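The structure under discussion appears below in the form of structure tokens.
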Number of protein chains: 2
Amino acid sequence: MAQSDTVTRILDTAEVLFAERGFAETSLRNITSKARVNLAAVNYHFGSKKALIQAVFARYLDPFSERFHSALDALEARYEGRDIPLEVLLETMATTVLEVPAERNSLKVFMRLLGLAYSQAQGHLRRYIQHEYGDVFSRFTELVRRATPDLPDAERFWRLHFMLGTVIFTLSGLDALRDIAEKDYHQQVSVRDLVRRLRPVVVAAMNAPLPDEKDMEPHADTVAH
Amino acid sequence: MAQSDTVTRILDTAEVLFAERGFAETSLRNITSKARVNLAAVNYHFGSKKALIQAVFARYLDPFSERFHSALDALEARYEGRDIPLEVLLETMATTVLEVPAERNSLKVFMRLLGLAYSQAQGHLRRYIQHEYGDVFSRFTELVRRATPDLPDAERFWRLHFMLGTVIFTLSGLDALRDIAEKDYHQQVSVRDLVRRLRPVVVAAMNAPLPDEKDMEPHADTVAH
DNA sequence: GATTGTTTAAAACATCCGTTTTCATGGAGA
DNA sequence: TCTCCATGAAAACGGATGTTTTAAACAATC
């Protein structure tokens, strides 16, 4: 067998099974038998199951991080210090996200993995991702901050995560939603179609009026310093 | 020990552990030892682990379904056949959702369980919920349909699920987001505060302009020049 | 007061798990 | 050629899991 073909086969199989059933529900025997490699190969090449999981993420996030940095470089160069409009930033991120897994035609897998990482138990994966790729996201959120100067920092933080939830939930649960949608409306749903529907919703959500102050909670206000 | 106190203790412990670590990662020995109950008690009272999981859901969804039906009854009576405004419908659902787990102070647990059910592997839980509580949701979506007559059916379907994703993702990942938010902004975040922030975002998202028809085609050029 | 349903304790069952080990084969580079 | 490394097959390790069983207590009801 060719050099390290085994590594690729393990990763290809593992990411699909992880996305389908989660990490704990996927055994190394599941992976190695479906990938037709030796059981010991995982521990030989990756060291442990946990390291395998991180390698699966790295294979998506490394190229994403690199491309997104480049895309932001290009944007900043084009706008020459002027603020980049929110729509352009969101569009750029969407494009990059769609580009990366396109080669393996597995955006759904990518999104399910992200959702799993977020909802993971002790969050050791979230910490790994934050530590490894935090700078790209910081750079992005800083640009979003300049694009929405009227939005209080806390409000922007929450709305970005609201929209992150929308995207991850929708694209990671794509199969389930597709089932329901096609049963109810007899229509095909493509990822591009979904992204098209998402765009105005996300923009409108980010630009929504600020919440009413009057039903603010009466607890001791924490003064920022 | 009092009659069936064991059942309650099992359910109380199981829902917390399930929400924290997922179903597969929570063993019956975890549950029974933390609940200070005999290991065999789960199989004695519920029959199997799968039945336990469904019982955990039923304890939330039974009262929710009943209260939500009542709330919708009251709304329909008050509006006497006139369409109920979207804001009122959303507010009613939010109120009911907040009411149910309030007694146990565990909205987060409720939301995490819902999120787990959605993202579950083979979706046997989703099917169980759909089969058991589908009528309430159908009733709600029908009222939403009348409240948004200008929205195409497919568009409304997707936007409702977009917002479902927002709410489930936010409230189920509350601890993680709270960590980040408090580290970045040194502010306390309560559930009521989050719901207050969610309201205008959800309304704006539902009322967003329809997606552009022009980038419906094979592939639109994405990034602005 | 006997019966019935709960609860506990303890042990065992058969599986499955992640990981390690041993032995053998073959290819690649020094 | 010899050495290193990847791969394979097979087995075993220790441990955890869901489930079942047996035994003995306890409480409530008829």
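A note on names: the letters A, B, ... follow the listed sequences, proteins ahead of strands, and every chain is numbered from 1. Both backbone and side-chain heavy atoms feed into the values below; hydrogens, waters and symmetry mates do not. As the structure is a prediction and not an experimental result, all values here were calculated from the model.
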Closer than 4.0 Å, any side-chain N/O of [X] to the OP1 or OP2 of [N]?
{"X": "A:Y44", "N": "D:dA6", "value": "yes"}
{"X": "B:T6", "N": "C:dT7", "value": "yes"}
{"X": "A:H45", "N": "D:dC5", "value": "no"}
{"X": "B:N38", "N": "C:dT7", "value": "no"}

Distance check needed: [N] [atom2] versus [X] [atom1], whole Å only.
{"X": "A:F18", "N": "C:dG18", "atom1": "CZ", "atom2": "C1'", "result": "12 Å"}
{"X": "A:F46", "N": "D:dA6", "atom1": "CZ", "atom2": "P", "result": "12 Å"}
{"X": "B:N43", "N": "D:dT22", "atom1": "CG", "atom2": "P", "result": "15 Å"}
{"X": "A:I10", "N": "C:dT19", "atom1": "CD1", "atom2": "P", "result": "13 Å"}
{"X": "B:D5", "N": "C:dT6", "atom1": "CG", "atom2": "C1'", "result": "11 Å"}

remark   = With sugar-phosphate taken as primed atoms, P, OP1 and OP2 and all else as base, the protein-contact string of nucleotides 11-17 of chain C at under 4.0 Å (heavy atoms; B, S, -) is -B----B
message = Which residues pass the salt bridge (charged side-chain N to carboxylate O under 4.0 Å, His left out) test with B:D62, not counting sequence neighbours?
response = none
With sequence neighbours excluded, residues passing salt bridge (charged side-chain N to carboxylate O under 4.0 Å, His left out) with A:E132 = none
Could you list the residues that satisfy side-chain hydrogen bond (donor to acceptor under 3.5 Å, both in side chains) with [X], not counting sequence neighbours?
{"X": "B:R145", "answer": "B:E142"}
{"X": "A:S27", "answer": "A:N30"}
{"X": "B:Q54", "answer": "none"}

ask   = Is the B:Y128-B:H124 ring centre distance short of 6.0 angstrom?
value =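 No: the rings miss the under 6.0 Å criterion.
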